Peer 1: 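Sharing a structure here in structure tokens format.
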Amino acid sequence: MSALLQLTRPQPGCACLVLNRPEAMNALSTPLRLALVRTLEELARDESVRVLVLTGAGKAFCAGLDLRELGRQALDIASPANDPVTALARFPRPVIGAINGAAITGGFELALACDMLIASSAARFADTHGRVGVIPGWGLSQKLSRLIGIGRAKELSFSGNFIGAVQAERWGLVNRVVAPDDLMSQALALAADIAGALPEIVAPYKRLIDEGYGLPFDDAMRLEQQASARWAEQLKPEALEARRASVSARGRQQAG
């Protein structure tokens, strides 16, 4: 494991990846991108990992591509080995982004590649492609408008302005905002909830949601109906009954 990327397994079923270039706001240098892609591919093959938490060391989540490095060499983000956003998109199980600070441009795209975001109140988001002079290549121009609406996305992308965590939550960009000291505990609590669900359901459910999101609604509904019918063919009533009792007990506990 590269010193640029820290991997821990803080609890059963959960892996945590920490971008570890705090002196550079965790900017995505080529070595860091290579390490991140390689580690994501390894974790994708590890079925003991039911959920992944991604965060940054220090005061930033990720400042995007390393602009100092780009000033010395040609831009190369299309190669699969250099593309952590595609590696995250291919990761078969849920990814929680724990956004501890600034997520800027390529770092913003990295955050958007997660399945859900929990933000520290210190988190900030900005798309500075228009100020740096680069057209996005990791999905920001298409994902952001689908998340927060086209007008808000254009405001962010054309101005390069930052928005804080509270506004990001209000716009639907992040799931929730928590105090900085509570960020990892909240992310790990959610990870534990997800890890406690049936892995044989969660992985195909994630794939179904992602594939359907890119389709017209009627086509997405047909996709769900086909997947549901295939799954129903192998369901065992006795297993369903046992799980129903467990779900009911958990619901009573949460209601209390």
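Model, not experiment: these values are computed from the prediction.
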Peer 1: For the atom pair SG (C62) and CG (L32), what is the distance rounded to the nearest 0.5 Å?
Peer 2: 7.0 Å
Peer 1: Are L36 and L4 close enough, and set up right, to give a side chain to side chain contact (heavy atoms under 4.5 Å, CB included), and what steps lead you there?
Peer 2: CA-CA 9 Å; L36 184 52; L4 299 173; over 6 Å; no
Peer 1: Grouping I, L, V, M, F, W and Y whenever their side-chain heavy atoms are under 4.5 Å apart, do I194 and M184 come out in a common cluster?
Peer 2: yes
Peer 1: Return the OG to NZ distance between S141 and K154, rounded to the nearest 0.5 Å.
Peer 2: 11.5 Å
Peer 1: State whether the side chain of E211 and the backbone N or O of L208 hold a donor-acceptor pair below 3.5 Å, judged by distance alone.
Peer 2: no
Peer 1: Give the minimum heavy-atom separation between R21 and S29, together with the two atoms involved.
Peer 2: NH1-CB, 3.3 Å
Peer 1: Check whether any side-chain heavy atom of D46 sits under 4.5 Å from a side-chain heavy atom of R9, and report yes or no.
Peer 2: yes
Peer 1: Can you tell whether the side chains of D210 and R207 come within less than 4.0 Å, N to carboxylate O?
Peer 2: no
Peer 1: State the CG-CE distance between L190 and M116, to the nearest 0.5 angstrom.
Peer 2: 6.0 Å
Peer 1: With rounding to the nearest 0.5 angstrom, report the CG to CD distance, L156 to Q167.
Peer 2: 7.5 Å
Peer 1: Decide side chain to side chain contact (heavy atoms under 4.5 Å, CB included) for L144 and F125; before the verdict, give the C-alpha distance in whole Å, the side-chain angles of both, and the deciding distance to 0.1 Å.
Peer 2: CA-CA 12 Å; L144 189 59; F125 300 86; over 6 Å; no
Peer 1: Taking the side chain as everything from C-beta on, heavy atoms only, tell me whether T128 gets closer than 4.5 Å to F108.
Peer 2: no
Peer 1: Give a yes or no on this: more than 12 heavy atoms of other residues, nucleotides or ligands lie within 6.0 Å of atom CD of E47.
Peer 2: no
Peer 1: Supply the atom-to-atom distance D83 CG to E109 CD, rounded to the nearest 0.5 angstrom.
Peer 2: 9.5 Å
Peer 1: Apply side chain to side chain donor-acceptor pair (under 3.5 Å) to the pair S120 and N100, showing each step before the final yes or no.
Peer 2: CA-CA 5 Å; S120 154; N100 54 304; over 6 Å; no
Peer 1: With heavy-atom distances below 4.5 Å as the criterion, would you say the side chains of R170 and V166 are in contact?
Peer 2: yes
Peer 1: Report yes or no: does S145 contribute a side-chain atom to a donor-acceptor pair with the main-chain N or O of A153 at less than 3.5 Å?
Peer 2: no
Peer 1: Check for me, please, whether V178 and V95 land in the same ILVMFWY cluster - side-chain distances under 4.5 Å, paths through other members count.
Peer 2: no
Peer 1: According to a 4.5 Å side-chain heavy-atom criterion applied to Ile, Leu, Val, Met, Phe, Trp and Tyr, with indirect links allowed, do L43 and L188 form part of one hydrophobic cluster?
Peer 2: no
Peer 1: Short question: side chain of R50, backbone of A195 - any donor-acceptor pair under 3.5 Å?
Peer 2: yes
Peer 1: Would you say that more than 12 heavy atoms from the other residues, nucleotides or ligands in this model lie under 6.0 Å from the CD1 of I150, or not?
Peer 2: no
Peer 1: For A27, is there any backbone N or O sitting under 3.5 Å from a side-chain donor or acceptor partner on D66?
Peer 2: no
Peer 1: Grouping I, L, V, M, F, W and Y whenever their side-chain heavy atoms are under 4.5 Å apart, do V132 and F162 come out in a common cluster?
Peer 2: no
Peer 1: Testing the basics here: between A57 and N20, what is the closest heavy-atom pair and its distance to 0.1 Å?
Peer 2: CB-OD1, 3.6 Å
Peer 1: Does any N or O in the side chain of N175 come within less than 3.5 Å of the main-chain N or O of I118, such that one atom is a donor and the other an acceptor?
Peer 2: no
Peer 1: Decide side chain to side chain contact (heavy atoms under 4.5 Å, CB included) for T105 and L65; before the verdict, give the C-alpha distance in whole Å, the side-chain angles of both, and the deciding distance to 0.1 Å.
Peer 2: CA-CA 8 Å; T105 311; L65 290 172; over 6 Å; no
Peer 1: Report whether F91 and I96 are members of the same hydrophobic cluster (ILVMFWY, side-chain heavy atoms less than 4.5 Å apart, transitive linking).
Peer 2: no
Peer 1: Is there side-chain contact between R93 and L52, with heavy atoms separated by less than 4.5 Å?
Peer 2: no
Peer 1: Are any non-hydrogen side-chain atoms of V37 and T86 less than 4.5 angstrom apart?
Peer 2: no
Peer 1: To the nearest 0.5 angstrom, please state how far the CG atom of L183 sits from the CZ atom of R176.
Peer 2: 10.5 Å
Peer 1: Flag the pair L17 / V53 as yes when at least one side-chain heavy-atom distance between them is below 4.5 Å, and no otherwise.
Peer 2: no
Peer 1: Contact between V174 and I99 at the side-chain level, heavy atoms closer than 4.5 Å - yes or no?
Peer 2: no
Peer 1: Is there side-chain contact between L110 and L54, with at least one heavy-atom pair below 4.5 Å?
Peer 2: yes
Peer 1: Run the numbers on W231 and Q234 for side chain to side chain contact (heavy atoms under 4.5 Å, CB included), then give the verdict.
Peer 2: CA-CA 6 Å; W231 202 262; Q234 50 84 49; 3.3 Å; yes
